[in-house]
Structure formats: structure tokens, C-alpha cells
Amino acid sequence: MKRIGILALQGAFAEHKRTICELGAKVIEIRKKDDLTENKLDGIILPGGESTVIGKLLNELDIFNTLHQMIRDGLPVMGTCAGLILLAKNITNDEHRYLEAMDITVKRNAYGRQLGSFHIISKFKGIGDIPMTFIRAPYIECVSEMEGVEVLAKVNGNIVAAKQKNMLVTAFHPELTRDLRVHRYFLESCI
Ligand code: GLN
């Protein structure tokens, strides 16, 4: 049985847990450094929430460096929304940087107030049409194709899902719909 860590410091981690359990994998909630080091993980999910808060807690709880190293060493990681922001190397409208792992440039709260939250059905490469729920979401302004980043989905011309090596990110929240296909896609990469 695959063992998937879910960062459970803040935000929408319970919904990821339910989805991963439904797909038959074991969930390990990550709340402290030992949870990362004492479990053999096949992958990890960084959920949505508030990137500034999660970033601060990662440091305060002394999880940051260990997580950073595990991702550099190739642990499969899926970041949704705030999780995407945490993985980005560049953020255009925030002076903070977090894990700086993925060669993408991200804009936080990119849809402005009026379109703060919305739902759409759109195409995801390799999967098909899927429901996408956006909540005060970022989008990816550009990716480095030279570094091997692959765009997986676009909405209104903006990149909303991408992957690079062991990293998969979505600006939307697949865990808030009943469609399991994005999580299944991630689990397939956790070998
Ligand atoms: N607006 C949040 C941020 O900037 C992300 C929102 C979300 O994860 N749903 O971190």
C-alpha cells in the first residue's frame, strides 16, 4: 500500500486525506519533523490554505529544511493552490520565497476580488475534462520549458497545472470535487 504524507499544518488537508484514502493509499498527516523522517513516504501533498501561514509554520516547526531536502532528493510532491506557491521559484507579487523547487513564475491571488472563487470544467492533459474549483487562486505566469516544466492545463489562457520531474502542481483544488482522477494521476507517479 502506498504511503502518502499530507502536510497538515493549515488549510484544506482533510479533503486530500479523504480522496487519497478513497484511492486505497495510506495517509500520514505531517505535523512535525518526525512525521517526515520516521515514516517511509512514497509521496507528499502540500495542500491549499494560506501560503504565508504554511511557510511560517514550516520554519517555526523546523520542518522546512527536511521537506526541502526530501523534495530535492526526488520525493513525488503534489502542491495545490497555496502548495503550488510554496513550490515556486518565482512569485511576482510577493517578496517571500519558500521551497523554491519548481521552475515556474507564479502570481498570487491572481484573479482579483471579483473572481475570487469560481468553478469550471476544463481540459487536463492526459486525463480529459475535469472539474476545477479555484479559491483565491494563483496562476502560473510562465514556466521554464528549458528546465523541463510541462504545462498540463490552461484556463482563459493562464496556466493552472504543470509538472516538472517529481513535482505536480495545480492552481485549483481537485480535492474539493468528487473527481479522483488528478489524485490518481499523482499516485501513479509515486513508485
Ligand atoms: N490565496 C492563497 C495564498 O496566496 C492561496 C489560496 C488557496 O490555497 N486556496 O496562499
Side-chain angles (χ1 to χ4, degrees), residues 4-20 27 29-31 43-61 63-64 67-68 71 76-122 124 130-143 149 151-156 158-164 167-183 185-186:
I4 305 300
I6 300 181
L7 193 63
L9 304 179
Q10 192 258 345
F13 55 85
E15 294 83 356
H16 279 292
K17 181 174 180 176
R18 188 197 58 207
T19 310
I20 292 294
V27 167
E29 292 189 11
I30 308 295
R31 298 175 192 280
I44 188 163
I45 295 178
L46 310 182
E50 205 51 47
S51 52
T52 48
V53 175
I54 301 176
K56 192 160 172 275
L57 289 170
L58 283 175
N59 278 312
E60 283 176 11
L61 298 167
I63 300 175
F64 186 92
L67 177 63
H68 189 232
I71 293 170
V77 56
M78 168 162 138
T80 56
C81 205
L84 174 158
I85 296 168
L86 293 174
L87 286 167
K89 278 199 183 162
N90 303 303
I91 308 169
T92 49
N93 55 347
D94 190 338
E95 79 252 17
H96 294 104
R97 297 288 177 276
Y98 304 96
L99 295 160
E100 296 181 279
M102 195 164 172
D103 290 286
I104 55 176
T105 298
V106 170
K107 184 173 180 188
R108 285 185 68 198
N109 300 321
Y111 295 92
R113 278 205 192 161
Q114 294 211 321
L115 214 57
S117 302
F118 63 100
H119 187 79
I120 194 168
I121 292 179
S122 195
F124 191 105
I130 60 160
M132 300 180 180
T133 299
F134 294 83
I135 303 172
R136 291 180 300 103
Y139 61 63
I140 301 173
E141 289 191 329
C142 59
V143 306
V149 184
V151 173
L152 298 175
K154 278 187 179 186
V155 169
N156 300 329
N158 300 313
I159 302 166
V160 297
K163 74 173 177 181
Q164 180 185 21
M167 297 170 280
L168 168 69
V169 290
T170 66
F172 55 91
H173 289 267
E175 77 285 5
L176 297 183
T177 68
R178 304 303 297 147
D179 193 306
L180 308 179
R181 287 177 291 170
V182 175
H183 286 81
Y185 179 87
F186 172 61

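Only this structure's heavy atoms are used, side chains among them; waters, hydrogens and symmetry mates stay out. First listed ligand is number 1; within each ligand, the first listed atom is number 1. Since this is a predicted model, take the numbers as computed values, not measurements.
When the salt bridge (charged side-chain N to carboxylate O under 4.0 Å, His left out) test is applied to K154, no partner is found at least two apart in sequence or on another chain. Legend: residues meeting side-chain hydrogen bond (donor to acceptor under 3.5 Å, both in side chains) with Q10, ordered by chain and number and at least two apart, are absent. Considering only residues two or more places apart in sequence or on other chains, R97 meets the salt bridge (charged side-chain N to carboxylate O under 4.0 Å, His left out) condition with none of them.
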What does the contact table look like for ligand 1 (nitrogen or oxygen on each side, cut-off under 3.5 Å)?
residue, atom, partner, partner atom, Å
ligand 1, 1 (N), N109, OD1, 2.6
ligand 1, 1 (N), R136, O, 2.9
ligand 1, 1 (N), R136, NH1, 3.2
ligand 1, 4 (O), R108, NE, 2.7
ligand 1, 4 (O), R108, NH2, 2.8
ligand 1, 8 (O), G49, N, 2.9
ligand 1, 8 (O), G49, O, 3.1
ligand 1, 8 (O), A82, N, 3.1
ligand 1, 9 (N), I135, O, 3.1
ligand 1, 9 (N), H173, NE2, 2.9
ligand 1, 10 (O), S51, N, 2.7
ligand 1, 10 (O), S51, OG, 2.8

> Taking it one step at a time, do Y98 and F64 satisfy ring-ring contact (aromatic ring centres under 6.0 Å, His included)?
Replying inline: CA-CA 9 Å; Y98 304 96; F64 186 92; 8.0 Å; no
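Scanning both residues, C81 and I135, for their nearest heavy atoms gives SG-O, 3.8 Å. Nearest approach of N93 to V106, heavy atoms of both residues: OD1-O, 4.4 Å.
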